[in-house]
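Please read the structure below before turning to the comments.
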Amino acid sequence: MSNIDRLDIKQLRIFQALFRESSASKAASQLGLTQQAVSEHLKKLRDVFDDRLFLRKTNGFIPTPFAEELSVRVDKLLNDFQVLLSPTTFDPKTISGMFVIAATDYAQQVVLPSLISTLREQSPNLKIIVRDFEIDKLHELMESGKVNLAIAFPDYIPDTYPVVKLFEEHHVCVASPNASILQTTPSLEDVASYPSIIASPSRPNFRGSIDDWFKQFGLKRNVVVSAPCFSIVPMYLNTTDSIAFLPSRAIKGLDLVEITLEQSPDKFDVIAAWHPRYNEDALQKWVISLLETE
């Protein structure tokens, strides 16, 4: 067994008390121990450091030269332990390091611009990485600490992860101002049969969340183009005679026309999620609080 394995903090505190009080009885009283317990620990300290440490005199102890030198190091060590155990004050202005956010294409457009602006203003030393949301790799990335926060839809997040709801969203049916469907008042059947473009960022296919909604009415959509992200769909709409269902906040400021429907698709939540390992992390809590106040 190495010497460091034979030493503990209690023994260092006893050494410190003996050095300051020059008396086993006074040191014992200060630490709430018996004099015998202090003497036993002193024997262990002498064995560990291979030095007598304290010599008896008429009315107490006198430290050896080695103990004089050791006391300086012990004081620093115990102070360092105290700092280690003291709660740290979180200050966004001084925090540094890196924070990684995995976000859907939608979240990158709608949620992150405001969040990143706030982070840059309030925590200028923090570096931020935004990466595309990879549904199949999310758990692995978050469990390994490669992603700190995910912003997406509930269906994309493992059930075991803590989440916070950011806001409620809904899909709207849109087309370019030149789309022929705008010349009519389309029924739901007309909308379903009209050429449609979807965004399928997770797994490329011709199915979207709106398909289940249409299925309630016994209808199947005529999907003709599947795009990898929401942001590209408006460009495709402007070059084709087609429609798309897009989240309402993602079309603000775009040259698109909303098509009024007989029925409206169900609303859905936009959430932020994180791995339970970060539940007590001060930086994590702060970033989440910023999202909740957006």
Side-chain angles (χ1 to χ4, degrees), residues 102-115 132-133 135 150-157 159 163-273 291-292 294:
T104 60
D105 174 57
Y106 167 81
Q108 291 180 40
Q109 292 181 69
V110 175
V111 180
L112 291 190
S114 177
L115 175 64
D132 286 332
F133 191 93
I135 190 170
I151 304 177
F153 310 119
D155 290 347
Y156 292 1
I157 303 297
D159 293 337
V163 302
V164 60
K165 177 180 173 180
L166 303 183
F167 52 84
E168 201 169 57
E169 177 62 291
H170 65 280
H171 284 100
V172 292
C173 182
V174 293
S176 78
N178 301 318
S180 60
I181 194 171
L182 298 178
Q183 308 304 316
T184 65
T185 303
S187 64
L188 206 55
E189 290 81 358
D190 295 331
V191 171
S193 63
Y194 205 79
S196 184
I197 299 175
I198 69 166
S200 184
S202 305
R203 299 183 180 94
N205 55 42
F206 289 100
R207 278 191 55 80
S209 58
I210 297 297
D211 287 287
D212 290 335
W213 179 71
F214 271 106
K215 193 174 181 180
Q216 298 176 29
F217 305 100
L219 301 172
K220 183 178 180 180
R221 279 199 298 172
N222 177 24
V223 178
V224 295
V225 176
S226 175
C229 56
F230 286 105
S231 56
I232 200 70
V233 173
M235 300 182 193
Y236 294 166
L237 289 175
N238 284 318
T239 57
T240 62
D241 188 4
S242 54
I243 60 172
F245 281 80
L246 296 174
S248 65
R249 299 190 187 205
I251 64 167
K252 289 182 178 179
L254 299 180
D255 186 22
L256 296 174
V257 178
E258 181 178 346
I259 299 170
T260 302
L261 303 176
E262 302 166 12
Q263 304 281 345
S264 297
D266 298 332
K267 294 181 179 180
F268 58 93
D269 294 338
V270 177
I271 64 171
L291 283 168
E292 290 181 300
E294 289 292 335

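These numbers come from the heavy atoms of this one structure, side chains and all, not from hydrogens, waters or symmetry mates.
With contacts defined as side-chain heavy-atom distances shorter than 4.5 Å, the pair L246/Y106 does not qualify. Counting only heavy atoms from C-beta outward, the side chains of R221 and I198 approach each other to under 4.5 Å. Annotation: side chain of F245 is in contact with side chain of V191 (closest heavy-atom distance under 4.5 Å). Residues H171 and P247 form a side-chain contact, since some pair of their non-hydrogen atoms from C-beta on lies under 4.5 Å apart. Residues I181 and S242 fail the side-chain proximity criterion, which asks for heavy atoms closer than 4.5 Å. Looking at S200 and R207, their side chains never come closer than 4.5 Å, going by heavy atoms from C-beta outward. Contact of the D132 side chain with the C229 side chain is not registered, since no non-hydrogen atoms from C-beta on lie closer than 4.5 Å. You'll find the side chain of I259 reaches within 4.5 Å of the side chain of L182, heavy atoms only.
One distance of note links CD of E262 with CD of E189; it measures 6.5 Å at 0.5 Å rounding. In this structure, the separation between OH on Y236 and OG on S226 is 10.0 Å, given to the nearest 0.5 Å. In this structure, CG on L166 lies 6.5 Å from CD1 on I151, to the nearest 0.5 angstrom. Taken from CG in L291 to CD1 in I271, the straight-line distance is 12.0 Å, to the nearest 0.5 Å. The CD1 atom of I197 lies 4.0 Å from the OG1 atom of T240; values are rounded to the nearest 0.5 Å. In this structure, L254 CG and M235 CE are separated by 9.0 Å, a value rounded to the nearest 0.5 Å.
For the pair R249 and E168, the tightest heavy-atom approach, listed with the atom from each and the gap, is NH2-O, 4.1 Å. When all heavy atoms of A152 and F133 are compared, the closest pair comes out as CB-CE1, 3.5 Å. Residue L261 comes nearest to W213 through the heavy atom pair CD1-CH2, 4.3 Å, listed as atom of the first residue, atom of the second, then distance. When every heavy atom of L256 is checked against every heavy atom of P234, the shortest pair comes out as CD1-CB, 4.0 Å. When all heavy atoms of A273 and V163 are compared, the closest pair comes out as CB-CG1, 3.7 Å.
One N or O on the side chain of D241 and one on the backbone of S180 form a donor-acceptor pair closer than 3.5 Å. A donor-acceptor pair under 3.5 Å links the side-chain atoms of S193 to the main chain of D190, judged by distance alone. Here the side chain of D105 pairs a donor or acceptor atom with the backbone of S231 at under 3.5 angstrom. No donor-acceptor pair under 3.5 Å is formed between the side chain of Y194 and the backbone N or O of I243. No donor-acceptor pair under 3.5 Å is formed between the side chain of E169 and the backbone N or O of V270.
Ring orientation note: the planes of F230 and F153 are nearly perpendicular, at an angle over 60° on the 30°/60° scale.
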